[in-house]
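Encoded as structure tokens, the structure appears first; notes follow it.
Just so you know, residue 1 is the first one in the sequence shown, and it goes up from there.
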Amino acid sequence: MKRRSLVMLAVGCTVFAARSASAQIAEPAPGLGGSDTRGLALGINLLGSSDPLGGLNHVPGLGLGVTAAYGVSNHVSVFARGDVAYQTANIEAGARYSFRGPEARLRPYVEGAITRTGIRFEGARLSGTGLTAGAGVQYFVRRNLALDVGLVHSEGRFTNGVLDGHGFSTTRLNVGFRWHP
């Protein structure tokens, strides 16, 4: 039930952001010049994370994440991301596809990644590998600065620790900024 609430909140926030900005995306504001996702990008975000153990006395929580990305084109970028929430850490390497062109201020995206997850559970440390899929939207407040709101979901298996072979699943709502120097 908590995961469903988190997903519904994320979808609502993304739809609200898209509708609020829709009147402003037809043409860039003077001096803005649209959006540019090519080259280096650095991001920082706050996140809300669901319980990866599915109710086994693990507490979901708030956290912080950082991202380094490189846009090989205005639509495709590769990234490395790390985040930490209550007793849970994730490191990811993946790719993002951004829709719309560089003239748009509002740029929806989809992404996929390989994820390494670590969890502290009842005094033990667990880790495993999984896959992550996500979607979101970037709203460019300036040509090189975007508000980034996204939802990612990871599924995998623990390969180290007392729950070896047990699956994990986590959903994270990320809200932050991405800077394209």
With side chains defined as the heavy atoms from C-beta onward, is the minimum distance between [X] and [Y] less than 4.5 Å?
X: Tyr109; Y: Asp148; value: yes
X: Thr171; Y: Leu151; value: yes
X: Leu126; Y: Phe168; value: no

Item to complete: For residues 123-136, pull every pair meeting salt bridge (Lys or Arg N to Asp or Glu O under 4.0 Å), keeping only residues two or more places apart or in separate chains.
Response: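 Salt bridge (Lys or Arg N to Asp or Glu O under 4.0 Å) check on residues 123-136 returns no pairs.
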
Discussion item. Please list all pairs meeting salt bridge (Lys or Arg N to Asp or Glu O under 4.0 Å) that have one or both residues in residues 69-80, counting only residues at least two apart or in different chains.
Written reply: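 Checked against salt bridge (Lys or Arg N to Asp or Glu O under 4.0 Å) - neighbours excluded - no pair reaches residues 69-80.
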
List the atom of [X], the atom of [Y], and the distance in Å for their closest heavy-atom pair.
X: Gln138; Y: Ala146; answer: OE1-CB, 3.5 Å
X: Ala85; Y: Ser49; answer: CB-CB, 3.9 Å
X: Gly167; Y: Phe158; answer: O-CE1, 4.2 Å
X: Ser77; Y: Gly71; answer: CB-CA, 3.6 Å

Practice prompt. Tell me, please, which residues at least two apart from Arg38 pass salt bridge (charged side-chain N to carboxylate O under 4.0 Å, His left out).
Written response: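 If we apply the salt bridge (charged side-chain N to carboxylate O under 4.0 Å, His left out) test to Arg38, skipping adjacent residues, the hits are Asp36.
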
Taking only residues two or more places apart in sequence, or in another chain, which ones meet [X] in a side chain to side chain donor-acceptor pair (under 3.5 Å)?
X: Asn90; result: Asp83, Thr117
X: Thr132; result: Glu92, Thr115, Ser154
X: Arg107; result: Ser35
X: Arg116; result: Ser127, Thr129

To the nearest 0.5 Å, how far apart are [atom1] in [X] and [atom2] in [Y]?
X: Arg143; Y: Arg105; atom1: CZ; atom2: CZ; value: 12.5 Å
X: Arg172; Y: Leu62; atom1: CZ; atom2: CG; value: 14.0 Å
X: Gln87; Y: Arg120; atom1: CD; atom2: CZ; value: 6.5 Å

Discussion item. Through direct or indirect side-chain contacts below 4.5 angstrom among Ile, Leu, Val, Met, Phe, Trp and Tyr, which residues connect to Ile91?
Written reply: none

Discussion item. Connecting only ILVMFWY residues whose side-chain heavy atoms lie within less than 4.5 Å of each other, what is the rest of Val84's hydrophobic cluster?
Written reply: none

Discussion item. For the backbone of Asn74 and the side chain of Thr37, can you confirm whether one donor and one acceptor N or O come within less than 3.5 Å of each other?
Written reply: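 Indeed, once roles are kept as given, a pair shorter than 3.5 Å links the two residues.
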
Item to complete: Look only at the side chain of Asn174 and the backbone of Leu47, and say whether a donor-acceptor pair between them is shorter than 3.5 Å.
Response: no

Worksheet item: For Leu42, which residues count as a side chain to side chain contact (heavy atoms under 4.5 Å, CB included) partner, sequence neighbours excluded?
Response: Leu40, Ala68, Trp179

Fill in: side chain to side chain contact (heavy atoms under 4.5 Å, CB included) partners of Phe177, counting only residues at least two apart
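Phe177: side chain to side chain contact (heavy atoms under 4.5 Å, CB included) contacts with Leu145, Leu147.
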
Worksheet item: Should Leu173 and Val152 be counted in the same cluster of Ile, Leu, Val, Met, Phe, Trp and Tyr side chains packed under 4.5 Å apart?
Response: no

Item to complete: Consider only side-chain heavy atoms of I, L, V, M, F, W and Y, link residues closer than 4.5 Å, and tell whether Leu46 and Tyr86 are in one cluster.
Response: no

Fill in: Partner set under ring-ring contact (aromatic ring centres under 6.0 Å, His included) for Phe99, not counting sequence neighbours
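So Phe99 forms a ring-ring contact (aromatic ring centres under 6.0 Å, His included) with Tyr97.
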
